[in-house]
Asks: 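Here it is, the structure, as structure tokens.
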There are 2 protein chains.
Amino acid sequence: MGTTLYRRVAEDIKAAIVSGSYQAGARLPSESELAARYGASRGTIRQAFAALVADGVISSRQGARRVVLGGPRLQTFNELVSFSRWARAIGEEPAGRVERMELRAANEDECAHLEVPLGSRVYHLTRVRYLSGRPVMIERTAYREPVGAMVAGMALDVVSITERLEDLGVIFADAEHQIDAVAATSEDARLLEVRSRVPLLRERRRTADPDGVMLEWSDDRYLGDAVAFTVRNSASVKALSRLPSQR
Amino acid sequence: MGTTLYRRVAEDIKAAIVSGSYQAGARLPSESELAARYGASRGTIRQAFAALVADGVISSRQGARRVVLGGPRLQTFNELVSFSRWARAIGEEPAGRVERMELRAANEDECAHLEVPLGSRVYHLTRVRYLSGRPVMIERTAYREPVGAMVAGMALDVVSITERLEDLGVIFADAEHQIDAVAATSEDARLLEVRSRVPLLRERRRTADPDGVMLEWSDDRYLGDAVAFTVRNSASVKALSRLPSQR
DNA sequence: TAGTGGTCTAGACCACCGC
DNA sequence: CGGTGGTCTAGACCACTAG
């Protein structure tokens, strides 16, 4: 088999949901029925269902058939970490203009978030990102070494730094996003070509590799009327938290 | 056993992480070692690890020991759906003041989100929520029948509607949150006691029962400097999406 | 190359749901 | 009550990591 069996089962079910064969609220086939249909054991079918539950596509309760949840419009992890990949996925043309680029000592905040010693040097980048020619976001990103050195070696006009890093063997595996609302500073307003104090959606993100080593720490500010985030969660998937702001 | 074995294993590991026995980046014991320690089969231990991966506490890759990720600051699903429960969990005193309360025909937006026919009646509630006496959020919630009728029957000064509904047998199982930034309208500003056009963090939330039936649709607006949301995700947990705003 | 996690099987018993 | 999902076992083989 080219891929694994349980992934194939999960993909089949997801495809059937997207195609409309199972509407929201519909009850899915039982484990034993699918096991017979695929010639697989019950455990393999359960693994497929578990993947769909984790993605928020279906819900599951003891004794009752599994049920299709509302509109699944999920993105892959890669689309979430890379602005460029996301833009292309929604049919827009991504672009970036470098505003500032520097190798300097990390400030206290950056050291804490990147989990590096005080005084470490980090590579810092400020870019304005565009969707089909319109400025929608400012990213201010600090890269930890040795990733910073790779970024420094890239041409200034590279559109997707994330994709280039992946080509170089850097693996982004886990991210923590903190989302709140702020008023545009005068610099924000100038870069986004809007008035000062306009509401911006701020996403502060830490991305780690599979060993939990922090790779980047970014402060991204989106125009409030350009972008929204959606989160799915349930009793079994605890991905979201609400925090009192401590600033 | 009072609870299930795999949950106990998962709780033990999580407790060891929280207590500092395993720092961020530390490598956890192998499956076979834990299986021997608990007298359990390998499958049970894997189930425990899978729960921790779903919660974003650890990461897992073939061939290598599992690794502890950065600080786990997760909330239960219930704390996320109920403002009151969340407030108490962070040591603040929750309160609510009802601004408006009405039973009326749902508008187009509400029908779409609650998945009820056009013209259905919904119960609509506007409340200002306080943390230790300070106004921090406005909630504008539409409840679908028959939940609406239960809400209508409650005393006006009930602090936690969600908890009262749970007492009445309503199960909140799955939620979809859409998060963006907006400027305070004049009504928003009056209710939150701030100036007009101040940046607010808006959370629009649909909550469903275990069968996927929508129960409530809410537009919650937080003071930008009072609250933030955090999301954890990874290649295996796809809970977050970024959307172009369509308004 | 030895150890580890990823996948899969073929059973078993129980708790819960819906008819 | 029968069907269903939740839990658990005891094996097996493979792909990958790390020393």
Side-chain angles (χ1 to χ4, degrees), chain A residues 1-13 22 25-54 57-69 169 171 173-174 209-213 234-237, chain B residues 1-13 22 25-54 57-69 169 171 173-174 209-213 234-237:
Chain A
M1 67 193 96
T3 177
T4 62
L5 178 53
Y6 86 88
R7 281 181 205 281
R8 219 196 104 208
V9 175
E11 282 310 312
D12 285 356
I13 297 172
Y22 295 105
R27 294 162 69 234
L28 291 167
S30 72
E31 296 175 356
S32 47
E33 183 182 334
L34 287 173
R37 190 187 304 174
Y38 284 93
S41 81
R42 204 182 140 213
T44 302
I45 304 299
R46 285 182 64 77
Q47 216 172 343
F49 276 133
L52 296 177
V53 169
V57 176
I58 64 174
S59 85
S60 189
R61 345 147 37 191
Q62 185 170 94
R65 290 270 182 110
R66 287 171 177 91
V67 160
V68 179
L69 292 174
I171 301 173
D174 185 86
D209 75 6
D211 291 328
V213 176
S234 67
S236 61
V237 179
Chain B
M1 66 192 96
T3 178
T4 62
L5 179 53
Y6 85 87
R7 280 181 204 283
R8 217 196 106 209
V9 176
E11 283 310 312
D12 285 355
I13 297 172
Y22 295 104
R27 294 161 72 232
L28 291 168
S30 72
E31 295 175 357
S32 47
E33 183 182 333
L34 286 174
R37 189 187 306 173
Y38 284 93
S41 81
R42 205 184 139 210
T44 302
I45 304 299
R46 285 181 63 78
Q47 217 173 342
F49 276 133
L52 296 177
V53 169
V57 175
I58 64 173
S59 83
S60 188
R61 349 152 23 198
Q62 186 170 88
R65 290 274 182 104
R66 287 170 177 91
V67 161
V68 178
L69 292 173
I171 301 172
D174 187 86
D209 76 6
D211 292 327
V213 176
S234 66
S236 61
V237 180

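Because the structure is predicted, anything quoted here is derived from the model rather than measured. All chains are named by letter (A, B, ...) in the order of the sequence lines, taking the proteins before the strands, and each is independently numbered beginning at 1.
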Asks: Do any side-chain nitrogens or oxygens of Ser30(B) fall under 4.0 Å of OP1 or OP2 in dG3(C)?
Replies: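 No, because none of the side-chain N or O atoms of Ser30(B) sits under 4.0 Å from OP1 or OP2 of dG3(C).
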Asks: Let me know which of Glu31(B), Glu33(B), Arg27(B) forms a side chain to side chain contact (heavy atoms under 4.5 Å, CB included) with Pro29(B).
Replies: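 Testing each of Glu31(B), Glu33(B), Arg27(B) against Pro29(B), the sole residue satisfying side chain to side chain contact (heavy atoms under 4.5 Å, CB included) is Glu33(B).
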Asks: When you measure from the side-chain N and O atoms of Gln62(A) to the phosphate of dC17(C), is any distance below 4.0 Å, counting only OP1 and OP2?
Replies: no
Asks: If you round to the nearest 0.5 Å, how far is CZ of Arg37(A) from CG of Asp12(A)?
Replies: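 Between Asp12(A) CG and Arg37(A) CZ, I get 9.0 Å after rounding to 0.5 Å.
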Asks: Find which nucleotide of DNA chain C each of Ser41(A) and Ala64(A) is nearest to by heavy atoms, and output the residue with the more 5' nucleotide.
Replies: Ser41(A)
Asks: Could you tell me how far apart Leu28(A) (CG) and dT4(D) (C1') are, to the nearest whole angstrom?
Replies: 13 Å
Asks: Return the value, rounded to whole Å, for the distance between atom CD of Gln47(B) and atom C1' of dG5(D).
Replies: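 So the CD-C1' distance, Gln47(B) to dG5(D), works out to 12 Å.
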Asks: Distance check: side-chain N/O of Arg42(A) vs OP1/OP2 of dT4(D), anything under 4.0 Å?
Replies: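 Checking dT4(D) against Arg42(A), no side-chain N or O comes under 4.0 Å of OP1 or OP2.
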Asks: If you compare all heavy atoms of Val67(A) against all heavy atoms of Asp211(B), which two are closest, and at what distance to 0.1 Å?
Replies: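 That closest heavy-atom pairing would be CG1-O, 3.1 Å.
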Asks: Whole Å only: how far is the CZ atom of Arg46(A) from the C1' atom of dT9(D)?
Replies: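 After rounding, the gap between these two atoms is 14 Å.
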Asks: Reckon Arg61(A) touches a base, only the sugar-phosphate, or nothing at all at heavy-atom distances under 4.0 Å?
Replies: sugar-phosphate
Asks: Could you state the atom-to-atom distance from OH of Tyr38(A) to P of dT9(C) in whole Å?
Replies: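 After rounding, the gap between these two atoms is 13 Å.
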Asks: Rounded to whole angstroms, how far apart are CG on Leu5(A) and P on dG6(C)?
Replies: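 Between P of dG6(C) and CG of Leu5(A): 17 Å.
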Asks: Between Ser60(A) and Arg66(A), do the side chains contain a donor N or O and an acceptor N or O under 3.5 Å apart?
Replies: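 The answer is yes; a qualifying pair exists.
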Asks: Using a heavy-atom cut-off of under 4.0 Å over every strand shown, decide if Phe49(B) touches base, sugar-phosphate, or nothing.
Replies: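 Here Phe49(B) touches no strand at all.
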Asks: Of the options dG6(D), dC8(D), dT4(C), whose atoms approach the side-chain atoms of Ser60(A) most closely?
Replies: dG6(D)
Asks: Taking the side chain of Arg66(A) as heavy atoms from C-beta outward, which of dG5(C), dG5(D), dT7(D) is closest to it?
Replies: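 Ranking dG5(C), dG5(D), dT7(D) by closest atom to the Arg66(A) side chain puts dG5(D) first.
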Asks: In the structure shown, which nucleotide is the Watson-Crick or G-U wobble counterpart of dT4(C), with both distances under 3.5 Å?
Replies: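 Paired with dA15(D).
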Asks: Given atom CZ of Arg65(A) and atom P of dC19(C), what is their separation to the nearest angstrom?
Replies: 12 Å
Asks: According to a strict under-4.0 Å criterion, is Ser32(B) in side-chain N/O contact with OP1 or OP2 of dG3(C)?
Replies: no
Asks: Can you give me the closest heavy-atom contact between Phe49(A) and Ile13(A), atom names plus distance?
Replies: CE2-CD1, 3.8 Å
Asks: Determine the contact category for Arg27(A): base if any of its heavy atoms lies under 4.0 Å from a base atom, sugar-phosphate if only primed atoms, P, OP1 or OP2 are that close, otherwise nothing.
Replies: nothing
Asks: Whole-Å distance between dA10(C) C1' and Ile45(A) CD1?
Replies: 14 Å
Asks: What is the distance, to the nearest angstrom, from the CG atom on Asp211(A) to the C1' atom on dA18(D)?
Replies: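 It is 11 Å, rounded to the nearest whole Å.
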